[in-house]
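Chain identifiers are assigned alphabetically (A, B, ...) following the order of the sequence lines, protein sequences preceding nucleic acid strands; residue numbering begins at 1 within each chain.
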Protein chains: 2
Amino acid sequence: MRDADATRARILAAAKKEFAKRGLGGARVDEIADRAKANKRMIYHYFGNKEDLFRIVVEEAYVDIRTAEQTLELEHLPAREALEKLVRFTWDYYLKNPEFITLVNSENLHKARHLKKSEKIEQLFRRFVDMVGDLLDRGVEEGVFRPGIDPVQLNITIAAIGYYYITNRFTGSIVFQRDLMAPEALQERLEFNIETIMRLVCVSP
Amino acid sequence: MRDADATRARILAAAKKEFAKRGLGGARVDEIADRAKANKRMIYHYFGNKEDLFRIVVEEAYVDIRTAEQTLELEHLPAREALEKLVRFTWDYYLKNPEFITLVNSENLHKARHLKKSEKIEQLFRRFVDMVGDLLDRGVEEGVFRPGIDPVQLNITIAAIGYYYITNRFTGSIVFQRDLMAPEALQERLEFNIETIMRLVCVSP
DNA sequence: GTAAAGAAAGTAACTAGTTAGTGCGTTGTT
DNA sequence: AACAACGCACTAACTAGTTACTTTCTTTAC
């Protein structure tokens, strides 16, 4: 049974897991081949080398989160509801896809040298920033949002308050002496995050 | 010239740099020895093995940030000023010590298995959480802070909005198509962060 | 229809270089 | 002399990448 596409896809999925688990430096090409039930030679055949494979994994991770975001259709909701939905989505996505966070961390450890080579990333995010910009404008028109908020700063803040909690869940649970991943703790954090963003953006909370 | 303490200290400093630059998996013991102008044999003599060396580096990084925090003496300031000072301090510390962030990221990639072995970390942080708890109480008494805010959630949020920006400065600069490390960008972010926290905590912003 | 040719998919074993960790001897200090 | 600090040179295991080969599928010629 030969299937080039399926093998390629299995390698990519395996690479995503391995890179997310151990980072670029700690990941082992042999391990990726095993996980993918493929041969190491196939990895080099389809992806050239380890770094290129990593680049494609990271690119794909960014495409995935932005694709998911675009299904939100925030345009059809009142501004306040749309903003809350975005905060909830971001939180849920990090929670369900912690490998996204690990990959981004790993890419930043390497000063984003792989993403620098990518071309499709820039336009992907321009659309996203525009979407949040439009949402902010709409909220101001509706009289519910403060004017003058920078959509990039808001984006970063929405991401930050979820991302930091999830990425540092292990040291955080030790340092703060509570299980940050307990269901009640997660619920509490999500509500705190929504309150943080609402107080930041809305005219009257 | 023989000096056990100095050699040990040079190794620790070199290890901190190397681990911060490449993570636990990517760091090379030979490189640490070279940087420290010591011999690899000395590393094993003083620290046992690579993992133990890493554990001590991470522990020391946590002790350093908490030690710096304790010089703030927030008790002697009005609550609002104290809170703003804490946000500024956190931001400045991350900016001046980006290796702290990389070490914490690396430790979380390994599910905090080194920090779990550490004993002095817990009490270090209990004091810190108490300090912020006291600050919140004082702000409520002064009539400037909302009551009922969880000091742990506030701590996490103050850290998050700075940490995320700094740790993801490389991918962030590509994705948002602006130089996030330009002096004006840094100043803008700090002010945005202060506003975020003030709106979250204060009764009237 | 079918057989030969060729291309693509897949594998095992290997190479060259790297890496954490050590054995053992040397040098300096008290 | 005794002990601690130090350093060279080694090893056993590992690791990214390659070579040379087999198997399977597709295309083309008749």
Side-chain angles (χ1 to χ4, degrees), chain A residues 1-60 102-103 106-107 109-111 113-114 117, chain B residues 1-60 102-103 106-107 109-111 113-114 117:
Chain A
M1 303 300 124
R2 309 184 137 200
D3 190 337
D5 288 350
T7 304
R8 212 189 109 101
R10 280 205 318 282
I11 292 173
L12 258 181
K16 191 176 181 179
K17 272 192 190 172
E18 174 73 359
F19 284 133
K21 196 172 173 191
R22 306 190 203 274
L24 172 58
R28 297 295 163 242
V29 177
D30 282 295
E31 181 64 27
I32 293 170
D34 285 355
R35 271 182 200 266
K37 279 167 193 162
N39 190 282
K40 187 159 59 154
R41 189 67 189 78
M42 290 293 94
I43 294 176
Y44 288 91
H45 180 244
Y46 287 119
F47 298 99
N49 58 45
K50 190 184 178 184
E51 299 252 328
D52 280 348
L53 176 58
F54 182 76
R55 197 199 72 234
I56 291 166
V57 165
V58 172
E59 268 181 10
E60 220 193 31
T102 330
L103 290 169
S106 196
E107 177 64 356
L109 184 65
H110 294 92
K111 300 185 193 292
R113 69 163 189 264
H114 307 91
K117 293 181 195 164
Chain B
M1 305 300 122
R2 307 185 140 198
D3 190 337
D5 287 351
T7 304
R8 213 189 108 102
R10 281 205 317 282
I11 291 173
L12 258 181
K16 189 175 181 180
K17 271 193 190 170
E18 174 72 0
F19 283 132
K21 196 172 172 191
R22 304 189 205 276
L24 172 58
R28 297 294 161 242
V29 178
D30 281 296
E31 181 64 28
I32 294 172
D34 285 355
R35 273 181 198 266
K37 278 166 194 161
N39 190 283
K40 185 160 59 156
R41 194 72 192 74
M42 290 293 94
I43 293 176
Y44 288 91
H45 180 245
Y46 288 118
F47 298 99
N49 57 45
K50 190 184 177 184
E51 299 252 328
D52 280 347
L53 176 58
F54 182 75
R55 197 198 73 234
I56 292 167
V57 165
V58 172
E59 268 181 11
E60 218 192 33
T102 331
L103 290 169
S106 196
E107 176 63 356
L109 183 66
H110 295 90
K111 302 186 193 292
R113 71 164 190 263
H114 307 90
K117 293 182 195 164

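Taking a cutoff of 4.0 Å between a charged side-chain nitrogen and a carboxylate oxygen, A/Arg8 and A/Asp5 do not qualify as a salt bridge.
Here the P atom of nucleotide C/dG10 and the NE2 atom of A/His45 are 9 Å apart, to the nearest Å. To the nearest angstrom, C1' of D/dT26 lies 15 Å from CG of A/Asp3. Separating the CZ atom of B/Arg22 from the P atom of C/dA20 is a distance of 11 Å, rounded to the nearest angstrom. Taking atom OH of B/Tyr44 as the reference point, atom C1' of D/dA9 lies 15 Å away to the nearest angstrom.
The backbone N or O of A/Ala27 sits nowhere less than 3.5 Å from a side-chain atom of A/Arg22 that would complete a donor-acceptor pair. No donor-acceptor pair closer than 3.5 Å links the side chain of A/Glu18 to the backbone N or O of A/Val29. Judged by distance alone, the side chain of B/Lys50 and the main-chain N or O of B/Leu24 form a donor-acceptor pair under 3.5 Å.
The shortest heavy-atom contact between A/Ala20 and A/Thr102 is O-CG2, 2.8 Å. Nearest heavy-atom pair, B/Gly23 versus B/Ser106, reported as atom, atom and distance to 0.1 Å: CA-OG, 3.6 Å.
Residue A/Phe47 is classed as having no contact, given no heavy-atom separation below 4.0 Å to the nucleic acid.
A/Arg10 is not listed as a side-chain neighbour of A/Arg35, based on a closest heavy-atom distance of 4.5 Å or more.
For the helix from C/dG1-D/dC30 to C/dT30-D/dA1, the angle separating the two terminal helix axes comes to 10°, with each axis derived from five pairs and the value rounded to 10°.
Each of B/Ala4 and A/Gly25 lies near DNA chain D, and the nucleotide nearest B/Ala4 is the one positioned closer to the 5' end.
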Under 3.5 Å between N/O atoms: give me all the protein pairs with nucleotides 11-19 of chain C, atom names plus distance.
unit_1: C/dT19; atom_1: OP1; unit_2: B/Arg28; atom_2: NE; d: 2.6

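Between B/Thr7 and D/dA5 there is no side-chain N or O to OP1 or OP2 distance below 4.0 Å.
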>> As a quick check of understanding, evaluate side chain to side chain contact (heavy atoms under 4.5 Å, CB included) for A/Leu12 and A/Tyr46, giving each step before the final call.
In response: CA-CA 10 Å; A/Leu12 258 181; A/Tyr46 287 119; over 6 Å; no

